[in-house]
Amino acid sequence: MSEAARQVWPTVRSIPVSAVTDAKQPGRLRPARLEQVAGSSGTGRDTTGGAATGVGTAGAKPRAGSGTHARPSPAAELGFSGDPGQHGDTGDPGDAMLHAQRTWDAALATNRLDDLGVNAERQRMEIKDITTTVGLLADGWPADVRTCVQSVIDHTDVQVLALDLGNLDGAGDVLDDLAERYPHRVAVWHVAERPHWRGGTATWGESRAKLLRLDESDVHVLMETSLVLRGDALTPLVAAVVEGAVAAGWRGVDPSDGREAGPGRVPALTGELMAVRRSAALGALPEDAHYGRHADLELSLGLRGELVVPPGPPPVERLGTHDVPADYQERESRRNYDGVLRMLSAS
């Protein structure tokens with residue numbers, strides 16, 4: 001940990017930033033796919049009804065006339081065509097049954113590869129040259145902070161960058177202990193400023209933006225300390241970003257009505273666990289947000305490109321709710337959601 005990081009800075013704003021924060025495309029990432037609603041500008045929303053995009057599609061060719069990078073059918077992946085005519089079928093029911101059986105066998109074979117972890121290993125190879133950092137805000141709940149960070153250390157090989165707001169309930173001390181145990185994995189910055197929800201002036205937006213600017217990775221992962229990884233939940237998210245998504249998360253949502261969305265392409269992502277191109281997030285994060293609820297939706301709508309939820313249940317568990325005063329949550333959540341509605345109406 002650097003000497004600058006060891007000291008306690010008075011405010012989030014006072015922390016010096018030396019990271020490159022321009023919007024140049026990181027050299028190791030492919031350009032993001034820009035799948036937007038016709039007539040919209042920079043909302044990151046997609047309602048075109050295209051095929052859902054998952055992960056593990058490196059090298060796959062899109063359909064003619066399609067701008068997506070959707071995964072081909074399992075049959076195509078194993079050398080079978082989805083068009084019965086390409087098998088010399090003559091309309092005979094026996095030919096149709098034979099083709100159906102081949103397609104089914106191919107799907108089963110692909111599923112077996114998934115079960116054996118072959119796709120997961122392929123994803124790990126695809127992202128091996130991509131730098132990734134998990135960004136955490138510590139504003140209390142020290143036991144959850146320890147469990148959360150330890151799970152990232154145990155199940156992934158990414159870096160952890162944490163911002164301690166006022167050492168609430170000793171959460172900053174826990175981070176220092178973890179940084180001493182894992183000096184090459186965990187970096188911590190401390191401020192005396194307390195979080196906004198506890199009567200201080202350190203807001204969610206300013207704090208998250210500072211983490212993005214302190215980070216130098218290709219992919220930045222927003223993660224809440226109320227979550228714990230029970231396995232490698234990050235590789236599928238980072239792989240989706242590497243393959244062209246601007247961001248990928250464990251939960252998708254329709255911001256117009258709050259209903260859950262996904263897997264595949266989604267209109268918005270929650271910020272509890274979201275991997276995003278750092279360069280893209282710098283221009284989309286709502287830095288004026290006091291509180292995180294619904295501010296993550298504003299971030300999603302501000303991103304230009306595909307938002308993706310990978311298929312399959314992620315190995316993630318919620319440790320519990322981090323409650324804040326009810327009147328504060330209601331007021332600030334409404335303030336953020338009003339911003340979401342303005343963005344939706346403008347798209």
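Two different hydrophobic clusters hold Leu319 and Trp250 under the rule that ILVMFWY side chains link at heavy-atom gaps under 4.5 Å.
A heavy-atom distance below 4.5 Å is not found between the side chains of Pro315 and Leu229. Side-chain contact between Val158 and Thr133 is absent, with no heavy-atom pair separated by less than 4.5 Å. Counting heavy atoms from C-beta outward, Val191 and Val8 have side chains that stay 4.5 Å or more apart. The closest side-chain heavy-atom distance from Ile130 to Val219 is below 4.5 Å. In this structure, Pro255 and Leu301 have side chains that are in contact, with non-hydrogen atoms separated by less than 4.5 Å.
With respect to Glu287 and Arg213, a salt bridge is recorded, a charged nitrogen being found less than 4.0 Å from a carboxylate O. Salt bridge status for Glu332 with Arg293: absent, with no side-chain N to carboxylate O gap under 4.0 Å. Taking the charged nitrogens against the carboxylate oxygens, Arg146 and Asp177 do have a contact shorter than 4.0 Å, which makes a salt bridge. A salt bridge links Asp338 to Arg334: one of the charged nitrogens lies within less than 4.0 Å of a carboxylate oxygen. A salt bridge does not link Arg318 with Glu224: none of the charged nitrogens is closer than 4.0 Å to a carboxylate oxygen.
Here Thr321 pairs with Asp323 under the side-chain hydrogen bond (donor to acceptor under 3.5 Å, both in side chains) rule; sequence neighbours left out.
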Side-chain polar contacts of residues 159-166 - donor-acceptor pairs under 3.5 angstrom, sequence neighbours left out - could you list them?
residue: Asp164; atom: OD1; partner: Asn167; partner atom: N; Å: 2.9
residue: Asp164; atom: OD2; partner: His190; partner atom: ND1; Å: 2.7

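In this structure, Leu136 CG and Leu227 CG are separated by 10.0 Å, a value rounded to the nearest 0.5 Å. Rounding to the nearest 0.5 angstrom, the gap separating the SG atom in Cys148 from the CE atom in Met223 is 3.5 Å. Rounded to the nearest 0.5 angstrom, Thr235 OG1 and Met125 CE are separated by 12.0 Å.
The only member of Trp197, Trp204, Tyr328 that meets ring-ring contact (aromatic ring centres under 6.0 Å, His included) when paired with Tyr291 is Tyr328.
Of the N and O atoms on the side chains of Thr131 and Asp218, at least one donor lies less than 3.5 Å from an acceptor on the other residue.
Of all heavy-atom pairs spanning Arg208 and Gly135, the tightest one is NH1-O, 2.8 Å.
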### Message
Evaluate Ser333 against Asn336 for side-chain hydrogen bond (donor to acceptor under 3.5 Å, both in side chains), listing each step before the verdict.
### Response
CA-CA 5 Å; Ser333 296; Asn336 293 339; 5.8 Å; no
